[in-house]
Amino acid sequence: MVGRTYDPGDRRTKHKLPLVERPTFERKDGALIGICPKGMTEAERKVLLDQAIEAPRSGKRIIVFNVHHGVVYMAESSDGRTFHGYPWRQRPGRPALPRRLRDQLRDRANESGHLAEFEAWMKEHGR
């Protein structure tokens, strides 16, 4: 879907964390927060959003996924136009990624030459 815009979340205090070279998770106020790498450009974020796969809906939020250099990213929106994205990880108590979505992400990682990185990410963060 074209027309999605990225909200970097600059006004949120949890985003006042140090810049990182690789996507990671930092503990802030008792929660693990996904931190994007400092080298990800606005153009890369736009492509990731425009080509993202929409997850089956649960509730009012729209959730989309994509993969970049083997890392799975998730973005959420309440209005369907403005999305806030971050590295994805499986959270305790939440359902796993649907098999079809996981397969689509794996295919994209393979097509971009980052299948090994994707498999490593999923092993560490996807359970």
Side-chain angles (χ1 to χ4, degrees):
M1 170 187 219
V2 179
R4 295 174 176 153
T5 58
Y6 179 71
D7 171 11
D10 292 336
R11 65 194 171 284
R12 299 176 185 159
T13 58
K14 68 183 181 183
H15 289 281
K16 307 301 184 213
L17 296 170
L19 297 175
V20 294
E21 294 295 325
R22 296 227 357 104
T24 189
F25 299 93
E26 298 277 340
R27 190 157 298 280
K28 179 77 173 170
D29 299 327
L32 281 178
I33 305 298
I35 309 297
C36 294
K38 66 181 177 182
M40 187 177 284
T41 67
E42 183 69 33
E44 287 172 315
R45 290 191 296 262
K46 178 72 173 142
V47 169
L48 286 172
L49 275 176
D50 285 348
Q51 297 176 358
I53 303 164
E54 192 168 328
R57 286 201 188 180
S58 59
K60 295 182 180 184
R61 292 185 106 36
I62 297 169
I63 300 173
V64 297
F65 290 87
N66 213 334
V67 63
H68 182 65
H69 295 284
V71 175
V72 177
Y73 287 88
M74 175 179 162
E76 297 181 77
S77 175
S78 57
D79 66 10
R81 293 182 314 273
T82 305
F83 287 78
H84 180 68
Y86 43 86
W88 171 87
R89 68 177 180 85
Q90 179 65 47
R91 292 181 179 170
R94 296 234 177 131
L97 289 180
R99 180 180 209 89
R100 182 174 179 196
L101 176 58
R102 181 177 248 180
D103 290 346
Q104 288 174 299
L105 294 170
R106 180 179 286 110
D107 290 346
R108 287 183 179 195
N110 188 38
E111 290 168 8
S112 69
H114 295 280
L115 182 59
E117 293 93 333
F118 173 82
E119 296 294 353
W121 186 268
M122 293 305 290
K123 184 176 182 180
E124 183 174 353
H125 302 291
R127 288 185 255 265

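Quick note: residue numbers are just sequence positions, from 1.
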From [X] atom [atom1] to [Y] atom [atom2], the distance as rounded to the nearest 0.5 Å:
X	Y	atom1	atom2	value
Gln104	Ile53	CD	CD1	4.0 Å
Tyr86	Phe25	OH	CZ	9.5 Å
Met122	Arg102	CE	CZ	3.0 Å
Met40	His68	CE	NE2	4.5 Å
Arg91	His125	CZ	NE2	13.5 Å

Tell me, please, which residues at least two apart from [X] pass salt bridge (charged side-chain N to carboxylate O under 4.0 Å, His left out).
X	value
Glu124	none
Arg81	Asp79
Glu117	none
Asp107	none

Task: Set of residues satisfying side-chain hydrogen bond (donor to acceptor under 3.5 Å, both in side chains) with respect to Arg22, sequence neighbours excluded - done: none
For [X] versus [Y], what's the shortest heavy-atom pair and its separation?
X	Y	value
Pro37	Pro23	CD-CG, 3.8 Å
Ile35	Pro87	O-CG, 3.4 Å
Trp121	Gly70	CB-O, 3.6 Å
Val67	Leu105	CG1-O, 3.6 Å

TODO: Keeping the roles fixed (side chain from Arg4, backbone from Leu49), state whether a donor-acceptor pair exists under 3.5 Å.
DONE: yes
- [ ] Examine distances only and state if a side-chain atom of Gln90 and a backbone atom of Pro95 form a donor-acceptor pair shorter than 3.5 Å.
- [x] yes
Open item on the list: Before you tell me yes or no, could you show the steps for Arg100 and Asp103 under salt bridge (Lys or Arg N to Asp or Glu O under 4.0 Å), namely the whole-Å CA-CA distance, both residues' side-chain angles and the distance that decides it to 0.1 Å?
Closed with: CA-CA 5 Å; Arg100 182 174 179 196; Asp103 290 346; over 6 Å; no
Task: Carboxylate-amine/guanidinium proximity below 4.0 Å for Glu42 and Arg45 - done: yes
Open item on the list: Test of understanding: clusters of I, L, V, M, F, W, Y form through side-chain heavy atoms closer than 4.5 Å, transitively. Do Val47 and Val64 belong to the same one?
Closed with: no
TODO: Could you note down all residue pairs passing ring pair (Phe, Tyr, Trp, His ring centres under 6.0 Å) where residues 99-119 supplies at least one of them, sequence neighbours left out?
DONE: His69-His114
TODO: Classify the ring geometry between Trp88 and Phe65 as parallel (under 30°), tilted (30 to 60°) or perpendicular (over 60°).
DONE: perpendicular
